[in-house]
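Residue numbers begin at 1 in each chain, while the letters A, B, ... track the order of the sequences. Below, each value reflects all heavy atoms present in this structure, side chains not excepted, and no hydrogens, waters or symmetry copies. For clarity, every value in this text was computed on a predicted model and none was experimentally measured.
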2 protein chains.
Amino acid sequence: MLDPLMHDIDPAVREKIAALAEEMRRNGGGRDDPVRSVMGLLGDRWSTLVLLVLETGTWRHADLRRMTARLSAEQAISQRVLTLKLRALEREGFIHRDVTTDVPPKVSYRLTPLGLDLMTQVRGLIDWINTRRAPILASRAAFGEEHP
Amino acid sequence: MLDPLMHDIDPAVREKIAALAEEMRRNGGGRDDPVRSVMGLLGDRWSTLVLLVLETGTWRHADLRRMTARLSAEQAISQRVLTLKLRALEREGFIHRDVTTDVPPKVSYRLTPLGLDLMTQVRGLIDWINTRRAPILASRAAFGEEHP
DNA sequence: CCGCATCCTAGGCGATACTG
DNA sequence: CAGTATCGCCTAGGATGCGG
């Protein structure tokens, strides 16, 4: 079934790609596939930063917003987008939303066990990138010279 | 310096957030900070899929395009965007571009050692998500019921 | 304090056609 | 075959104002 475009592909590569295709077929691959949605979240402008802050404890909505401003050293996440991202993270099961019965109600967010577990992966990735900062910047410099 | 908005934050949380702030300050945090750019790439529509294919060996541009179509089971990446993504990946130092002296020249791409190393991290993250598929989908279902 | 509705802009991505 | 140029769409994200 993959043959038509497997013409002059190296046999060893052909085997590996078949395994990859099988893996992709088993999982969804669609837009709402967890792999794509979660990696999409981690790659967006704010979600990872929000998760990093929530990793330190429980946060109120407004404090969370102000803290993103401090940490990114630029500007705060807009109120609308923060709510959007918190909803998305809550939907995936990574954070939990608490609402008190006070008037006005106080809303706070914290990581779920699943979200805490996710952060070990995210931490690993961030640390990997940070320790590879030098070769990455070197590659960018070289790339810049070859592309006038 | 963080005091003004540290009013009623839990002392234990305050310590952790200070450590996080220090970590963010040391690294850039800007738009072209490696952490943001790399995670942005991994979270976009195509880069991770391209990396997964290149993990299997060396690929020509056109074959790579056709393979993304097969693997995503939807449509192929557009020629323009594939070139864009390959350039970005090359710039970060994750893939290498080979051009033969033939006429017409043949162009092929493969992972660099750095890119291969990156894939161990990406693999870990993808595997983590795949093994958490059930709780994530369960959380989505519960979220859907609470949000009519 | 929190969330929602509205409007707006920038950028990601696809489609097509064209060059070497 | 690989890459570029142009176009148009669509979504992420910001700004503001209102209501609970």
Q: Go through C/dG11, D/dA2, D/dG3 for me and flag the one nearest to the B/Arg31 side chain.
A: C/dG11
Q.
If you go through the side-chain atoms of B/Arg80, does one of them form a donor-acceptor pair with the base of D/dG3 closer than 3.5 Å?
A. no
Q.
Rounded to whole Å, how long is the line connecting atom CG of B/Leu84 with atom P of C/dC13?
A. 8 Å
Q. Does the distance from a Lys or Arg side-chain N to an Asp or Glu carboxylate O, for A/Glu55 and A/Arg123, drop under 4.0 Å?
A. yes
Q | Proximal nucleotide (of D/dG3, C/dC13, C/dC1) relative to the B/Val81 side chain | A | C/dC13
Q: Consider the side chain of B/Gln79, meaning its heavy atoms from C-beta on, and name the nucleotide among C/dG14, C/dG3, D/dT4 that approaches it most closely.
A: D/dT4
**Q.** Protein-nucleotide distance (B/Asp44, atom CG; D/dT11, atom C1'), rounded to Å
**A.** 14 Å
**Q.** B/Glu146/B/Arg140 salt bridge by N-O under 4.0 Å criterion
**A.** no
Q) In whole angstroms, how far is the C1' atom of C/dC2 from the NZ atom of A/Lys85? A) 19 Å
Q) Which angle, rounded to 10°, do you find between the first-five-pair axis and the last-five-pair axis of the helix from C/dG3-D/dC18 to C/dG20-D/dC1? A) 30°
Q) Quick one: does B/Arg45 reach the base of C/dG12 with a side-chain donor-acceptor pair under 3.5 Å? A) no
Q: Check every atom of D/dG3, C/dC4, C/dC2 against the side chain of B/Arg87 and return the nucleotide holding the closest atom.
A: D/dG3
Q. Quick one: B/Arg36 CZ to C/dG11 P, roughly how many Å, whole number?
A. 13 Å
Q | Distance-only donor-acceptor test (3.5 Å): side chain B/Gln75, base C/dG14 | A | no
Q: Rounded off to whole Å, could you give me the CG-to-P distance for the A/Leu64 and C/dC2 pair?
A: 10 Å
Q: Starting at atom CD1 of B/Ile77, determine the distance to atom P of C/dG14, rounded to an integer number of angstrom.
A: 6 Å
Q. Can you tell me how far C1' of D/dG3 sits from CZ of B/Arg60, to the nearest Å?
A. 13 Å
Q) Whole Å only: how far is the CG atom of B/Leu82 from the C1' atom of C/dG14? A) 13 Å
